[in-house]
Amino acid sequence: MHYDFKKIEEKWQKKWQKTRAFRAQADPKRKKYYLLEMFPYPSGKIHMGHVRNYTIGDVASRFKTLEGYNVMHPMGFDAFGQPAENAAIKNKTKPADWTRKCIKEMETELKKMGFSYDWEREVSTCSSDYYKWNQWIFLKMFQRGLAYRKASQVNWCPSCATTLANEEVIEGECWRCHAKVEQKELEQWYLKITEYKERLLEDLNQLKDWPGRVVAMQNNWIGKSSGVDIYFRLENSDKLISVFTTRVDTIFGATYIVLAPEHPLVLGLIKGKPQENEALGFIKKVASESKVVRAASDVKKEGVFTGSFAINPVNNEKVPVWIADYVLMEYGTGAIMAVPTHDQRDFLFAKEHSLPMRTVIRRTEDGGQKAEDLTGAYEGDGVQVNSGEFDGLSNQEAKTKIAQWMEDKGIGKIQTHFRLRDWLISRQRYWGTPIPMIYCPACGIVPVPDKDLPVELPPDAPFTGEGGSPLSKVKKFVEVNCPKCKVRARRETDTMATFFDSSWYFLRFCSPKFNAAPFDVHEAKYWMTVDQYIGGIEHAILHLLYSRFFTKFFQDLKMIDFSEPFAKLLTQGMVLKDGEVMSKSRGNIVDPDSMIKNYGADALRLFILFAAPPETELEWEERGLEGAYKFLNRVWRIQENLKDNADPQVLKALHKTIKKVGTDFSEFKFNTAIASLMELTNVIYQSGADKQVFSSLVIMLSPIVPHFAEELWGILGNKESIFKAAWPKYDLKLLVEENVELVIQINGKVRSKIEVPRGISEDKLKELVQKDEKLIPWLEGKTPKKFIIVPQKLVNIVI
RNA sequence: GCUGGAGUGGUGGAAUGGCAUACACGUCGGUCUCAAAAACCGAUGGGGGCAACUCCGUGAGGGUUCAACUCCCUCCUCCAGCACCA
């Protein structure tokens, strides 16, 4: 006999929808719980990754409901993006139609999994009700100088005739057509996330309930490093070259300096020098390589001499100025001092080009190795030598002292540099939020006035796949009158990167239909912050960083009074098949839909939670899914044979399980929670259960297998949904055993077990132990040195 | 290179100083059946022993402790992120 999962699941899904079972409403009298899973890109079909992500969230959400919280559990779609445009090119459909169809399909699939979403809060980022507020936010940022336009080097695919994000450049080639990516100077819109770098870094300390690795990755990405900017004066000139170093203790060993080829001073330095032609050739060659290629060719460091010299300000020594490809304009000051003896890259470069070197830090133990004899740079700590008045100091001490001394003398400045760059948000795409800006021949850049929002996407745009922004070809869209002077002007035709859309959707969910602002501050005050956020590790940096940035921006607008959006974060592991990520190209995809057909959504949910802890990788195993299904049938059969009274040991097992499952659920340890529920089921299977015991088991199962539990709950005679019930309470008295089993060890090895009354005295225990037959051979002729007694657990006898 | 994480039966995994391998999958044996499936019962880390039992065993080596998968040190392997970052 099998339970009829198909009928049951359909029945309850309909019922939940009809009764609006998961509708959330703010209620100041109740404690709220905002549970959020990262919303999906609507590709049409859900995959196992979605199933896992959303099942974890659903169990947490339903468990919190049973615990009495006012739970909000919303869902929506991150609906802008390139796949819709590609589909449009391929199938001659409109991106809007294609996306709408995919959303419909995806909703249906999510509903088949029985997830407890409040569908009345659904948002899609591609609807103008939503992206209107993207534009509003952008304009607010523009007003505050946080959105700006700047010309800079961007990745350019000559074959697609469009810019590429860094993520779209794979090993120097376009991810789509594999053409070699070039660098091109273009005017683009940027968001000044760097304005928030200190706060983004500082507030990481608040994120105690985030996985350590995510915090570490963000830390890494922001990349703060402290050191000194040192000013080298050019020989026969009063121009200064500023170099950044974190190792100011090695300044007396700087024997040359190196500039990035793009450095603004370079052209002046080489002008009229014998090296001019060679240097120009080198600069051109480096410029034609993308950053990715430049970083990838990590073997040989190339460079040329400029023909100019600079003066080391600490000892007035004349040092040559070089340019080299391993110095990057975007980091620090775009120039470095080179200390070959104490930096391995500088060492290799100096050897290659026969540049001078001098040791300034000596390892205490190695007497005095000459710089010429070195086989590599010494990058560790030691004692200063050849460093003027700082000789003899430890280099760590010298670091602070030299920095201060240089600041006092005005030849350096203690400085902090960051790796974090401003965020390029312009995309030459159609399917995104139009950037609400107008270019007027008379007034320049003019923002679209709030009252004219949204700037809507025209439904008809030509898709040729030939690149350039499709919007620029829509005359009705481009041509506009200047809001200021009414003269004929031109609209911005680029759209926003889709990460913009997802940087604040969690706020929109608080009041998804609000039409006076991105969100209703009162609703946000009640629901925010997100108590638990769940999603993939692939968003550890960008999405989470941008969301943190937007939250701080809203805080500055005084629309919210907190600085971090997500209190707790769980990053779920991937679903693997045969040890590999499931993907179309590998052909190892397991379709959730067919699993639902064969075993039911409940069994699928149960398996995916039981097979591994949420944050580790999960190996897909259809046999395991079968096992989950078998377990449910086992539970179903218990219901057919309920007794009038449960045995004491069954009650004991039940209360133990209630305690364990409650803590496990709170800590997202679903795999061990399920193991405990299986153990309880095994006990009941042997000894039988009454209605009371079985009801508790069903409630504990309900977050995991909601349809199954609802059905049994009804069979047990309940009229209301099981999610109106309360989480069972355990009775501490029942958990206390009268007799306890003690493990007896001799020298740490288990030799016997005895059962003794709880709270037995130590003397009595010793007496009992010495009478234990099993221990006689071990204790014979030996005197116990020591008795170690761990109450209610074990005795260890040392002989 | 830096940062973070992991390494336990045939497999997924449990145990955070106190009985290593819970719970499941698989395999083997049994009950029921004409038979099969389902269901149920039992066995299942390795070596030795007829057996009671015993020795070994959580990537490797060392240490702390009465007691270590768990804490400390050194190393190896794998995974992930960042990286000519000065």
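Note that this is a predicted model, so its numbers are computed, not measured.
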Chemist: Counting side-chain heavy atoms from C-beta on, which of B/G81, B/A86, B/C84 comes nearest to A/Val327?
Modeler: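 Of B/G81, B/A86, B/C84, B/A86 is nearest to the side chain of A/Val327.
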Chemist: Would A/Phe305 and A/His353 count as a ring pair (Phe, Tyr, Trp, His ring centres under 6.0 Å) here? Give the steps.
Modeler: CA-CA 9 Å; A/Phe305 179 41; A/His353 299 283; over 10 Å; no
Chemist: Which of the following nucleotides, B/G12, B/C41, B/G4, is nearest to the side chain of A/Gln686?
Modeler: B/C41
Chemist: Give A/Pro613 one of three labels, base, sugar-phosphate or nothing, depending on what nucleic acid heavy atoms sit under 4.0 Å from its own.
Modeler: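 Sugar-phosphate only.
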Chemist: Could you check how far CD of A/Gln745 sits from P of B/A67, rounded to whole Å?
Modeler: 10 Å
Chemist: For the residue pair A/Tyr331 and A/Phe244, categorise the inter-ring angle as parallel (less than 30°), tilted (30 to 60°) or perpendicular (more than 60°).
Modeler: perpendicular
Chemist: Could you please name the partner base of B/G18, counting Watson-Crick and G-U wobble pairs only when both distances are under 3.5 Å?
Modeler: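 Paired with B/C66.
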Chemist: Roughly how far apart, to the nearest Å, are B/A22 and B/G61 at atom P?
Modeler: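 Rounded to whole Å, the distance is 25 Å.
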Chemist: Could you give the distance separating B/A37 and B/U27 at their P atoms, to the nearest angstrom?
Modeler: 12 Å
Chemist: Using the C1' atoms only, state how far B/G46 lies from B/U58, rounded to an integer number of Å.
Modeler: 14 Å
Chemist: Pull up the glycosidic torsion of B/G9 and say syn or anti, syn being anything within 90° of 0.
Modeler: syn
Chemist: Counting the atoms with a prime plus P, OP1 and OP2 as sugar-phosphate, which does A/Asn219 contact under 4.0 Å by heavy atoms, base, sugar-phosphate, or nothing?
Modeler: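 If one applies the 4.0 Å heavy-atom cut-off, A/Asn219 turns out to touch nothing in the nucleic acid.
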Chemist: According to the interplanar angle, ranging from 0 to 90°, do the rings of A/Phe349 and A/Trp322 count as parallel (below 30°), tilted (30 to 60°) or perpendicular (above 60°)?
Modeler: perpendicular
Chemist: Let's see if you can work this out: which of B/G18, B/A86, B/A20 has an atom nearest to the side-chain heavy atoms of A/Arg345?
Modeler: B/A86
Chemist: Please figure out whether A/Val798 or A/Gly334 has its closest RNA chain B nucleotide nearer the 5' end.
Modeler: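 The residue closer to the strand's 5' end, by nearest nucleotide, is A/Val798.
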Chemist: Taking any strand in view, what nucleotide pairs with B/G61 in a Watson-Crick or G-U wobble way, both distances under 3.5 Å?
Modeler: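 Partner of B/G61: B/C73.
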Chemist: Using the P atom as the reference point in each nucleotide, state the distance between B/C25 and B/A39 in Å, no decimals.
Modeler: 10 Å
Chemist: Would you kindly check whether a donor in the side chain of A/Lys753 faces an acceptor in the base of B/C19, or vice versa, at under 3.5 angstrom?
Modeler: yes
Chemist: Between B/A86, B/A80, B/A15, spot the one nearest the side chain of A/Thr672, thanks.
Modeler: B/A15
Chemist: Side chain of A/Asn796, heavy atoms from C-beta onward: which of B/C23, B/G18, B/C85 has the nearest atom to it?
Modeler: B/G18
Chemist: For A/Phe668 and A/Phe670, take the angle between the two ring planes, folded into 0 to 90°, and tell me which bin it lands in: parallel under 30, tilted 30 to 60, perpendicular over 60.
Modeler: perpendicular
Chemist: Could you check whether any side-chain N or O of A/Asn641 sits under 3.5 Å from a backbone N or O of A/Arg637, counting only pairs where one atom can act as donor and the other as acceptor?
Modeler: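 It does hold such a pair.
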Chemist: Is it true that A/Arg358 and A/Glu317 have a side-chain N and a carboxylate O under 4.0 angstrom from each other?
Modeler: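 Looking at A/Arg358 and A/Glu317, the cut-off is met.
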Chemist: Please report the distance separating the P of B/G13 from the corresponding atom of B/U8, rounded so that it comes out in whole Å.
Modeler: 9 Å
Chemist: Identify, between A/Gly748 and A/Arg751, the residue whose nearest nucleotide on RNA chain B lies closer to the 5' end.
Modeler: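 Residue closer to the 5' terminus by nearest nucleotide: A/Arg751.
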Chemist: Whole angstrom is fine here: how far is it from CG in A/Asp343 over to P in B/C85?
Modeler: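 One finds 8 Å between P of B/C85 and CG of A/Asp343, rounded.
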Chemist: Could you tell me how far B/A86 sits from B/C73 if I compare only their P atoms? Round to whole Å.
Modeler: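 Comparing P positions in B/C73 and B/A86 gives a spacing of 26 Å.
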Chemist: When the ring planes of A/Tyr546 and A/Trp423 are compared, do they come out parallel, tilted or perpendicular, using 30° and 60° as the limits?
Modeler: parallel
Chemist: When you compare B/U64 with B/C72, how far apart are their P atoms, in angstrom units rounded to a whole number?
Modeler: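 It comes out at 15 Å once rounded to the nearest Å.
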Chemist: Please report the distance, rounded to the nearest Å, between CG in A/Asn671 and C1' in B/G13.
Modeler: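 Interatomic distance, CG of A/Asn671 to C1' of B/G13: 7 Å.
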Chemist: If I take atom CD1 in residue A/Ile323 and atom P in nucleotide B/A86, what distance separates them, rounded to the nearest angstrom?
Modeler: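 It is 22 Å, rounded to the nearest whole Å.
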Chemist: Side-chain N or O of A/Arg634 versus OP1/OP2 of B/A39: is the shortest distance under 4.0 Å?
Modeler: no
Chemist: With a 4.0 Å limit, can you tell me whether A/Lys749 has a side-chain N or O closer than that to the phosphate oxygens OP1/OP2 of B/C56?
Modeler: yes
Chemist: Scan every strand shown for a Watson-Crick or G-U wobble partner of B/C2, both distances under 3.5 Å, and answer none if you come up empty.
Modeler: B/G81
Chemist: Figure out the CG/P separation between A/Leu618 and B/C79, and round it to whole Å.
Modeler: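 Taking atom P of B/C79 as the reference, CG of A/Leu618 is at 19 Å.
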Chemist: If you check the A/Ala216 side chain, which of B/U3, B/G81, B/C85 turns out closest?
Modeler: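 Ranking B/U3, B/G81, B/C85 by closest atom to the A/Ala216 side chain puts B/U3 first.
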Chemist: Could you give the OH-to-C1' distance, from A/Tyr326 to B/C84, as a whole number of Å?
Modeler: 8 Å
Chemist: Which base, if any, makes a Watson-Crick or G-U wobble pair with B/G42, both distances under 3.5 Å?
Modeler: B/C28
Chemist: Could you identify the nucleotide paired to B/A86, looking across every strand shown and requiring Watson-Crick or G-U wobble geometry with both distances under 3.5 Å?
Modeler: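 WC or wobble partner does not exist here.
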Chemist: Before giving the answer on ring pair (Phe, Tyr, Trp, His ring centres under 6.0 Å), spell out for A/Phe631 and A/Phe610 the whole-Å C-alpha distance, their side-chain angles and the decisive distance to 0.1 Å.
Modeler: CA-CA 12 Å; A/Phe631 169 74; A/Phe610 180 55; 8.4 Å; no
Chemist: In whole angstrom, give me the gap between the C1' atoms of B/A14 and B/U21.
Modeler: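 Between the two C1' atoms, the distance is 8 Å.
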Chemist: What's the closest nucleotide to the A/Val743 side chain, out of B/C19, B/G18, B/C23?
Modeler: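 When the side chain of A/Val743 is considered, B/C19 is the closest of B/C19, B/G18, B/C23.
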Chemist: To the nearest angstrom, how far is A/Arg623 atom CZ from B/U11 atom P?
Modeler: 15 Å
Chemist: Checking contacts here: which listed nucleotide (B/G18, B/A39, B/A86) is nearest the side-chain heavy atoms of A/Lys793?
Modeler: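 Closest of the options to the side chain of A/Lys793: B/G18.
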Chemist: With side chain to side chain contact (heavy atoms under 4.5 Å, CB included) as the test, pick out the partner of A/Gln745 among A/Val798, A/Leu794, A/Ile788.
Modeler: A/Leu794
Chemist: Which part of the nucleic acid does A/Glu741 contact within heavy-atom distance under 4.0 Å: base, sugar-phosphate only, or nothing?
Modeler: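 Base, at least one base atom sits under 4.0 Å.
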Chemist: What nucleotide, of B/C85, B/G12, B/A14, holds the atom closest to the side chain of A/Ala611?
Modeler: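 Given the options B/C85, B/G12, B/A14, the side chain of A/Ala611 is closest to B/G12.
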Chemist: Would you classify A/Phe610 as touching base, sugar-phosphate or nothing, given that sugar-phosphate means primed atoms plus P, OP1 and OP2, and contacts are heavy atoms under 4.0 Å?
Modeler: base
Chemist: Counting any heavy atom closer than 4.0 Å, what does A/Glu621 reach on the DNA or RNA strands: base, sugar-phosphate only, or nothing?
Modeler: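 No contact.
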Chemist: Using the side-chain heavy atoms of A/Asn682, tell me which of these nucleotides is nearest: B/C66, B/C23, B/C85.
Modeler: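 Selected nucleotide: B/C23.
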Chemist: Would you kindly give the CD1-to-C1' distance between A/Ile222 and B/C85, to the nearest whole Å?
Modeler: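 My rounded result for the distance is 15 Å.
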